[in-house]
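Comments concern the structure below.
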Amino acid sequence: MSETEDFNLSGGGTEAISNGMTNGISNGTSEHREHKEHKHKHKDKDREKDRHRDKDRHKSSHKDKDRHSSSHKSSHKDKDRDKERSKDKEQSDKERHKDKDRERSDKDKHRDKERSDKDKHRDKDKERSDKDKHRDKDRDKHRDKDKERSDREKSRDKDRHRDEKKHSSSNGEKKERDKDRHSSSSHRSPHKDRDREKHKDKEKSPLEPEPIKEEDMCIKEEQLESEEEDKLVINEPVKEEPMEEEEDEGLPVSKEEPEEQLDDDEDDIPLSHRTHIKEEDDEEDDKPLAIRKKEKKKVKKEKKEKKSRGSKLMSSPGSQSESPTKKPKKEEEPGPLMAEAYVPLPSNVKFYYNGEHMHLSEEAEEVAGFYARMLEHDYTTKEVFNSNFMKDWRKVMTSKEREVITDISKCDFRRIHAYYVQQNEDRKNRSKEERKALKEKNEALIAEYGWCNIDSHKQRIGNFKIEPPGLFRGRGEHPKQGMLKKRIMPEDVIINCSKDSVIPKPPAGHKWKEVRADPSVTWLACWVENVQGQTKYVMLNAASKLKGEKDWQKYEMARKLHRRVDNIREQYRFDWKSKEMRIRQRAVALYFIDKLALRAGNEKDEDQADTVGCCSLRVEHISLHEEKDGKEYVVVFDFLGKDSIRYYNEESVERRVFKNLQLFKENKEDGNDLFDRLNTQILNKHLNELMDGLTAKVFRTYNASRTLQEQLDLLTNEEDPLPAKVLSYNRANRAVALLCNHQRAAPKTFDKSMANLQKKIDDKKEQIEETERDCKQLKKAAKSGGSQKEKMGYEKKKKALERLKEQLEKLVLSATDKEENKTIALGTSKLNYLDPRISVAWCKKYGVPVEKVYNKTQRQKFQWAIDMATAEYNFMGEPMNMSRNEYGDGEEEEDE
DNA sequence: AGCTCCACTTAGCAATTGACTG
DNA sequence: CAGTCAATTGCTAAGTGGAGCT
């Protein structure tokens with residue numbers, strides 16, 4: 001079956017759809033594009049400017065104005081910012097949650113028109129008290145979610161603290177790290193900087209570089225060592241500035257007053273130098289990046305399409321060496337599976353406008369259906385979402401419809417909604433047979449579309465289904481939420497397969513946009529999505545050889561970092577004292593990335609949610625406390641990271657870092673970049689000089705895996721029964737998730753199931769009490785004269801009691817586990833950050849079946865590690881002596 | 001020398017499945 | 001066996017970072 005249906009886009013609806021689409025969509029598309037272009041032109045530029053401007057404006061007039069205009073919009077950002085200011089956690093937490101939830105809708109509107117305003121708004125919003133207004137509003141709309149969220153956050157914070165405690169007491173991951181750093185720094189000699197700087201400019205970097213090819217991953221030790229030596233030498237400080245280390249270390253964190261800040265800095269840098277810093281700043285190179293950039297940025301977009309083909313297409317054929325060794329199929333393949341055609345609503349399911357029944361054209365109806373399905377979702381309470389939806393929906397309407405339908409509040413989608421709800425019900429209530437049939441059908445689909453041939457290996461494809469049309473659901477306060485994601489037709493899809501393979505046939509009556517044979521990339525098909533203009537790819541499954549190899553390389557890179565990390569830490573500590581602002585910023589940022597596992601923080605466009613990472617932190621995202629809760633030099637981080645997940649953390653940092661942060665914040669306002677002389681390219685360039693192939697994200701992988709290894713070593717008890725060992729594993733895993741800030745919404749049924757568990761615990765306790773009573777009695781009986789029988793009875797009871805206690809223990813343990821896991825997601829780190837060989841080795845070492853740690857898909861994904869790692873494997877140990885070929889060739893794969 | 005674009009990894013939530021319980 | 005709820009799978013958005021263009 002496979003061959004034939006290749007492109008079978010399910011015939012029926014296709015035509016109708018294609019027609020419909022032509023009308024509505026093409027329209028929409030072009031409009032859209034224009035729209036975008038405009039934005040783009042201004043985006044970057046404005047953004048930068050705005051930020052700066054903000055400063056100026058800040059204080060003055062705008063605030064009020066902005067406030068008004070943005071009052072509804074700002075939601076979360078504002079809140080967040082406000083919160084930051086107010087240290088009142090509890091309260092702020094609640095609010096924040098809301099924000100997170102994505103209620104921040106307001107902004108979006110603005111963005112569309114006045115980008116520049118946005119920034120202003122941001123700043124203003126923060127500063128003001130709009131919060132309140134917002135809050136109220138938000139509350140109404142999102143109460144439930146908000147609640148949930150806030151709970152979540154609270155608990156999160158709690159957890160975090162808890163965790164910290166744990167850490168310090170039980171394993172003290174963080175501490176250890178810090179320690180390490182300290183010690184290394186103490187040996188450090190001064191001058192490295194200088195050397196380093198020199199080198200930077202012309203030669204490579206002090207910390208040797210080295211080509212990072214795959215072979216590198218298998219570098220032998222000797223190699224490594226020698227490299228290290230080199231780097232050390234290079235780094236060796238030349239001994240110049242007297243003040244350096246000793247002094248620093250000497251005056252440790254004493255209790256200097258605020259003014260000391262200066263002194264402090266001075267001790268690092270002579271006054272003259274300091275001035276220097278400033279001056280330099282002002283001059284050329286020391287100008288904040290934003291300023292430099294500002295003036296340049298321009299439009300982008302537009303071109304897109306054209307180039308894709310020329311340059312790369314068919315790039316060097318033989319390029320086996322190229323990293324993505326790809327090579328699509330040889331036999332016939334069906335190509336990607338197109339989305340199912342739209343099935344029109346039954347005629348009795350009606351749409352009402354302004355109270356009156358209104359018949360919709362098929363396309364308008366389809367889009368109405370997208371919205372109707374979401375009627376109960378929070379999204380539909382957001383203004384941005386609704387207005388984006390209306391805009392796009394109207395684009396697909398007939399002119400007549402468009403004339404009538406102008407106000408979403410007059411739209412009544414409830415029948416349509418009810419219809420889809422019913423459909424869901426029906427689906428749930430399918431009979432066994434139906435389910436089975438459906439399942440088989442699905443498997444057949446996978447069998448047909450889910451595989452491809454690469455280098456004559458049959459490999460599973462990850463996402464062979466083209467994304468169906470729908471409404472764009474951005475995360476957080478996304479300005480484009482609610483926009484229509486249009487249906488992708490074969491004419492939009494580019495196929496990438498090897499030259500000698502049979503070209504997949506497009507669905508009947510259709511053509512592919514293009515068929516190419518580019519061996520330098522791994523995707524099999526791609527298309528451009530209309531909402532954000534991004535390319536979407538059909539790629540291989542995680543269990544495929546290709547992905548496995550890359551995964552392995554990733555961890556080898558992290559292990560390589562382990563061998564250099566001491567030096568790198570030394571280096572950045574040294575750089576904290578640099579005369580150059582940009583160096584200091586780079587060093588402090590790197591410290592955050594290393595210590596806190598922050599993401600790099602690329603710059604973002606204005607038409608995306610406002611989230612940040614390390615390099616893009618703004619002034620309002622951290623607050624500094626000389627002393628907080630008994631800790632010195634505390635930095636409080638509070639910002640929205642990837643996926644608009646809040647990152648909240650109070651960290652005690654080293655004095656020098658603290659002082660530097662104060663310096664970085666000087667003369668800046670909310671909305672300004674904290675690291676205004678740094679961005680991810682600069683940082684990564686520096687990292688690459690320190691170690692070939694090193695980038696910011698390697699630190700996350702490294703610290704995550706290292707934490708797992710350390711935690712496992714620490715927490716696992718040889719004699720523990722299996723469940724306890726598994727619990728230890730989960731705890732170690734959790735420590736990582738916490739480090740990486742991997743969150744999840746608390747399960748909806750969390751409270752309930754927690755209560756259930758608690759009840760079990762109570763019951764068990766009762767049972768134990770009872771048994772204890774019995775036990776005592778038996779004991780008496782057994783002692784006083786007791787017969788053999790009585791004695792035996794007593795013993796038996798005693799054992800039963802033990803067992804019960806064990807069970808209780810276990811229950812309590814799992815309750816703890818559960819509670820701790822409430823808002824923590826373990827899966828992300830397990831899947832993306834933890835060297836699977838650590839887990840596999842642990843399983844082997846302690847006799848734990850791998851299934852206890854990895855489910856079926858995970859085992860497939862990590863098959864390479866399961867095959868490769870022995871009980872002795874240690875992430876921080878010496879590299880294994882294996883070549884990638886060993887792995888690559890042998891086993892593998894799910895040949896069906 | 002910066003910027004854009006492209007490719008690919010990482011991410012949380014939704015939908016579905018499956019295990020467990022009464 | 002039905003009903004629950006946790007676990008797993010699916011989906012696709014949102015990051016990172018290199019390459020190539022201007």
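A note on names: the letters A, B, ... follow the listed sequences, proteins ahead of strands, and every chain is numbered from 1.
- When only modelled atom types and interatomic distance are considered, A/S431 and A/E434 share a side-chain donor-acceptor pair under 3.5 Å.
- A salt bridge links A/E467 with A/K536: the distance from a Lys NZ or Arg NE/NH1/NH2 to an Asp or Glu carboxylate oxygen falls below 4.0 Å.
- When heavy atoms are screened at a 4.0 angstrom cut-off, A/K642 is found touching base atoms of the nucleic acid.
- Not a single donor-acceptor pair under 3.5 Å links the side chain of A/S544 to the backbone N or O of A/L540.
- Toward the 5' end of DNA chain C, the nearer of the two residues A/K465 and A/A696, judged by each one's closest nucleotide, is A/K465.
- When the side-chain nitrogen and oxygen atoms of A/T611 are compared with OP1 and OP2 of C/dG15, one or more of them lie within a distance under 4.0 Å.
- B/dT16 atom P lies 14 Å from atom CD of A/E434, rounded to whole Å.
- DNA chain C is contacted by both A/K485 and A/V698; A/K485 maps to the nucleotide lying nearer its 5′ end (nearest heavy atom per residue).
- Between the side chains of A/N855 and A/E851, no donor-acceptor pair of N or O atoms lies under 3.5 Å.
- The residue A/G827 sits apart from the nucleic acid: no heavy atom pair falls under 4.0 Å.
- Phosphate proximity of B/dC13 to A/H377: absent, as no side-chain N or O sits under 4.0 Å from OP1 or OP2.
- In this structure, A/K439 reaches the sugar-phosphate backbone alone: every heavy-atom distance under 4.0 Å involves primed, P, OP1 or OP2 atoms, never a base.
- Distance A/N541 CG to B/dT9 P: 12 Å, rounded to the nearest Å.
- One atom, CG of A/N684, and another, P of C/dA19, lie 12 Å apart when rounded to the nearest Å.
- Two residues, A/N424 and A/L831, neighbour DNA chain B, and the one matched to the more 5' nucleotide by heavy-atom proximity is A/L831.
- Among the nucleotides C/dA13, B/dT9, C/dG18, the one closest to any side-chain atom of A/F472 is C/dA13.
- The NZ-P distance, from A/K752 to B/dT21, rounds to 16 Å in whole Å.
- Atom CG of A/N756 is separated from atom P of B/dT21 by 11 Å (rounded to the nearest Å).
- Both A/R427 and A/Y537 sit near DNA chain B, but only A/Y537 has its closest nucleotide nearer the 5' end.
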